[in-house]
Structure formats: structure tokens, C-alpha cells
Protein chains: 2
Amino acid sequence: MQLSNTSQYAIRILAYIADQADSPLVNATQLSQRLHIPYKFLTKIMTTLVKKDLILSIRGKEGGYALKRDSSEIMVGDILDIFNDSIQDEQCVLGIGFCNGMCKCALHDQWMEPKHLLQKMFRESSLKDIAGRGCKI
Amino acid sequence: MQLSNTSQYAIRILAYIADQADSPLVNATQLSQRLHIPYKFLTKIMTTLVKKDLILSIRGKEGGYALKRDSSEIMVGDILDIFNDSIQDEQCVLGIGFCNGMCKCALHDQWMEPKHLLQKMFRESSLKDIAGRGCKI
DNA sequence: TTCAATTACTATCTTAAGGTAGTATTAATA
DNA sequence: TATTAATACTACCTTAAGATAGTAATTGAA
Ligand code: SF4
Ligand code: SF4
């Protein structure tokens, strides 16, 4: 009952970059050191984020990374989607989920409310909302 | 954002046994076949449940498994606890969770409500609640 | 007392996530 | 143009969950 390591890293990376809005580019070495994420693993994640159009990368000397959109327009849900960590509408709490509406266990209806709250939270929270409070995650 | 395979299996196994209250013992072969859980993996899980005192086992011919307590007294949360799949009070949505109360991201407070709903649901739902509706999970 | 049916134990294999290593490519600047 | 600092690519290693295999221990019944 937890996000993958990779998703957690991605969120922290993006939040960090969002928070550095003054400095145009942030490089992998800095991200790795400040966020304590293994350098090589971090660059792998960055490449994914570049391909998914969340991050702009500049290669070569003086290069680095920047957000491709405004931090208020990148939602936590967008990040979770990339790493297959978001909550699907049909997803069963237990992960079993081949029960139909006709025949549901006692958890089925109880799961609706927290599920919708979580989906809404992920869908409506932007990087701007989780960064920029002076302390890093 | 999902329970482990093992937890899912354990819940389904226990719910199945709860549903067979008429037949005193259920054996591993039957459980494996009816629930489509690999036999050897299932017996490994059963041994854990026996050690954790949720299941009573009888070895030898005519042996099998039975619930050790009434199905209304075994909670889903008890099962999740065994396989380290329950939601801890201090657990952060993102799994990051080294932020203190002084300095919280926008998700921190929003997570409280769904978290409490889920914890309550797991704590208060028994095997009896999820089994015995005529259809198996 | 032997056999067959059952659970328990120990060791190993497989898979996917997480992580590492080395090299290629790119681009600013001396 | 050569150097250097950066990202990108490809391949591999590690770890833990998931799954399998073989054998031992237990027990009811022929
Ligand atoms: S009825 Fe229960 S097990 Fe089936 S999909 Fe709904 S929550 Fe999951
Ligand atoms: S502030 Fe945000 S990142 Fe930190 S523990 Fe709370 S929810 Fe998690």
C-alpha cells in the first residue's frame, strides 16, 4: 500500500526543480546530491520524464534540466500515471477486482469514498502545491 | 498503490475457509484449485497463517485447515498486518514521510481523511463481512 | 504395521524493480 | 579545434517478491 520508489523519486525531483524557478537549469549531479538519489538511477528517471514531456533537457556543458510546463500545470497524477502508480477507477481495494457489481464484498462500497478522495487529490495537486514552501521533500 | 500478491491470496484463502463453515476442514489441494493459487505458494502462506494463530492445521490423512477464531473476529487489518501491508498512522501518501508537522506539503492534510477511512475499513471489516455472500473473491 | 494423504521444512529458481557501469553524443568555451 | 561538462544509450548487476521442487513429519485407516 505504497507508491513505488521510482514515483517517489520523480515527485521529489520535479518538486525540487519547481522550487528552483530562479536558476534556469538544474543538473543531475546537483539533484542527485541534494535529494540523495543515486546518480545513475536519477538520470534514468530524468530521461523518462524528458520523453514524457514533463522535463526539458539541455545537453552539453552548462546544460541541465528544467520543467517544460509551469509548476502549476504539472499534476501529481501526471507523474503517477507515467510510472503506473495511479489509482484506476475500476481498481479494487484488495487488488482482486474481478467481482462484478452484482456480487460485491463489504469493502466494495466503503472503498469508493477514500478512492475518490485520493484520485481527486492526485489529480488536483500540482507541483506548485507541494513545492515552494521552503522545505524540501 | 496496491496490496501485495501475498496479502491478496491470504485474504481470499481465509474468506474461502470462512465460507465453508459447514465442512470442518479444508485442504490445500482444494484451496489451490478453487482459488487458482499455486499449491506450493499457498502452503507456504498457510504455514505463516498457522504460526500467526489465524489458522488451525491438522496434519496427516483427513487433515486440513480451519479458522482458529470465528470469522467475525478475524479482521482484514489483522491479515494485512502479518504481511506488512497495512497503513501506518505516520505513513505519508507519497511514502516519503520525513517531513515534520512544521513543514508539510499540500498533500499532507488531504491525506488524513482517506487514510483514516481506509484504516477504519480494514480494522472494522471481518472475514464474515467479506465472505458468505454466495460469490467468491 | 503398512500405506496413503496430508501439512511442514529447506533449498532453489524466476521475475521485476531498483541500481550500477561504461560509452556515446552534445554543446559551451578556452 | 580541443577540452570539458553535461545528458542519452545500452548492458549488466542486485535484491526482494513470487513461485517451485524435493523431502520430512504426521496421522487416519486398511
Ligand atoms: S467486491 Fe470486494 S473483492 Fe470484489 S472488486 Fe469489490 S472490493 Fe474488490
Ligand atoms: S508533508 Fe507531504 S511529503 Fe511530507 S510527510 Fe506530509 S504528505 Fe508526505
Side-chain angles (χ1 to χ4, degrees), chain A residues 1-14 17 20 23-68 79-80 82-85 95-96, chain B residues 1-14 17 20 23-68 79-80 82-85 95-96:
Chain A
M1 217 53 184
Q2 185 75 94
L3 298 186
S4 70
N5 228 324
T6 308
S7 293
Q8 292 180 33
Y9 285 160
I11 291 169
R12 291 173 56 221
I13 291 164
L14 288 161
I17 298 174
Q20 308 290 311
S23 53
L25 290 177
V26 183
N27 70 44
T29 305
Q30 182 185 351
L31 288 168
S32 167
Q33 288 172 354
R34 298 293 172 81
L35 299 173
H36 305 102
I37 299 172
Y39 178 86
K40 284 291 194 177
F41 193 44
L42 182 137
T43 59
K44 186 184 278 188
I45 294 170
M46 295 315 287
T47 301
T48 304
L49 295 173
V50 168
K51 286 186 178 149
K52 293 293 183 176
D53 232 38
L54 258 50
I55 285 282
L56 174 77
S57 75
I58 308 288
R59 288 162 77 148
K61 198 167 177 176
E62 307 286 295
Y65 301 103
L67 296 187
K68 197 149 180 185
I79 305 166
L80 301 188
I82 292 174
F83 299 103
N84 296 312
D85 246 342
I96 301 171
Chain B
M1 216 55 184
Q2 184 76 91
L3 298 185
S4 70
N5 228 323
T6 307
S7 293
Q8 293 179 33
Y9 286 160
I11 292 169
R12 291 173 55 220
I13 291 164
L14 289 161
I17 298 175
Q20 308 291 310
S23 52
L25 290 176
V26 182
N27 69 43
T29 305
Q30 183 185 350
L31 287 167
S32 168
Q33 287 172 355
R34 297 294 172 80
L35 298 172
H36 304 103
I37 299 171
Y39 177 86
K40 283 291 195 177
F41 194 44
L42 181 136
T43 58
K44 186 184 279 187
I45 294 171
M46 294 316 287
T47 301
T48 303
L49 295 174
V50 167
K51 285 185 178 149
K52 294 293 182 174
D53 232 38
L54 258 52
I55 285 281
L56 174 77
S57 75
I58 308 288
R59 288 163 77 148
K61 199 166 178 176
E62 309 285 295
Y65 301 103
L67 296 187
K68 196 149 179 185
I79 305 166
L80 301 188
I82 292 174
F83 300 103
N84 296 313
D85 246 342
I96 300 169

Side chain of A:Pro38 - closest among C:dG19, D:dA5, D:dG28: C:dG19

Side-chain donor/acceptor contact of B:Arg59 with base of D:dT27 under 3.5 Å: no

Given C:dG19, C:dT7, C:dA8, the nucleotide with the shortest approach to the side chain of B:Thr47: C:dA8

Phosphate OP1/OP2 of C:dA8: any B:Tyr65 side-chain N/O under 4.0 Å: yes

B:Asn5 side chain, from C-beta outward: closest of C:dA8, D:dG18, C:dT26: D:dG18

Separation of atom CG in B:Leu25 from atom P in C:dA5, rounded to whole Å: 17 Å

Distance, rounded to the nearest Å, where B:Leu42 contributes CG and C:dT6 contributes P: 14 Å

B:Ala28 side-chain proximity, nearest of D:dG22, C:dT7, D:dA8: C:dT7

Protein-nucleotide distance (A:Gln8, atom CD; C:dG19, atom P), rounded to Å: 10 Å

Toward the 5' end of DNA chain C, by each residue's nearest nucleotide, A:Tyr9 or B:Gly63: B:Gly63

Residues forming a ring pair (Phe, Tyr, Trp, His ring centres under 6.0 Å) with B:Phe83, sequence neighbours excluded: none

B:Asp85 side chain to B:Leu3 backbone, donor-acceptor under 3.5 Å: no

Between P of D:dA8 and CG of A:Leu56, the distance in whole Å: 10 Å

Distance in angstrom units between A:Met46 CE and D:dA6 C1', rounded: 13 Å

Nearest to side-chain heavy atoms of A:Phe41, which nucleotide of D:dG18, C:dT20, D:dA21: C:dT20

Atom-to-atom span, CG of A:Leu3 to C1' of C:dA17 - whole angstrom: 15 Å

Candidate nucleotides D:dA8, C:dA28, D:dT26, ranked by approach to the side chain of A:Lys61 - the nearest: C:dA28

Side chain of A:Val50 (C-beta onward), nearest among C:dA28, D:dA8, D:dA19: D:dA8

Proximal nucleotide (of D:dT7, C:dT6, C:dA8) relative to the B:Asn27 side chain: C:dT6

Euclidean distance, atom NZ of residue B:Lys44 to atom P of C:dT12 [Å, nearest integer]: 13 Å

Distance (rounded to the nearest 0.5 Å) between A:Thr43 OG1 and A:Tyr39 OH: 6.0 Å

Among C:dT7, C:dG18, D:dA19, the one nearest A:Ser4 by side-chain distance: C:dG18

Distance, rounded to the nearest Å, where A:Glu62 contributes CD and D:dA6 contributes P: 7 Å

Side-chain donor/acceptor of A:Ser32 to backbone N/O of A:Ile37, under 3.5 Å: yes

B:Lys51 side chain near C:dC9 phosphate (N/O to OP1/OP2, under 4.0 Å): yes

Most 5' of B:Thr6 and A:Lys40 on DNA chain D, judged by nearest nucleotide: A:Lys40

Sugar-phosphate only, base, or nothing, as touched by B:Phe83 at under 4.0 Å among non-hydrogen atoms: nothing

N/O (side chain, A:Tyr39) to phosphate O (OP1/OP2, D:dT7) under 4.0 Å: yes

Closest to side chain of B:Ser57, choosing from D:dT7, C:dA8, D:dA8: C:dA8

Gap separating the CG atom of A:Leu31 from the CZ atom of A:Arg12, nearest 0.5 angstrom: 10.5 Å

Distance (rounded to the nearest 0.5 Å) between B:Leu35 CG and B:Ile17 CD1: 8.5 Å

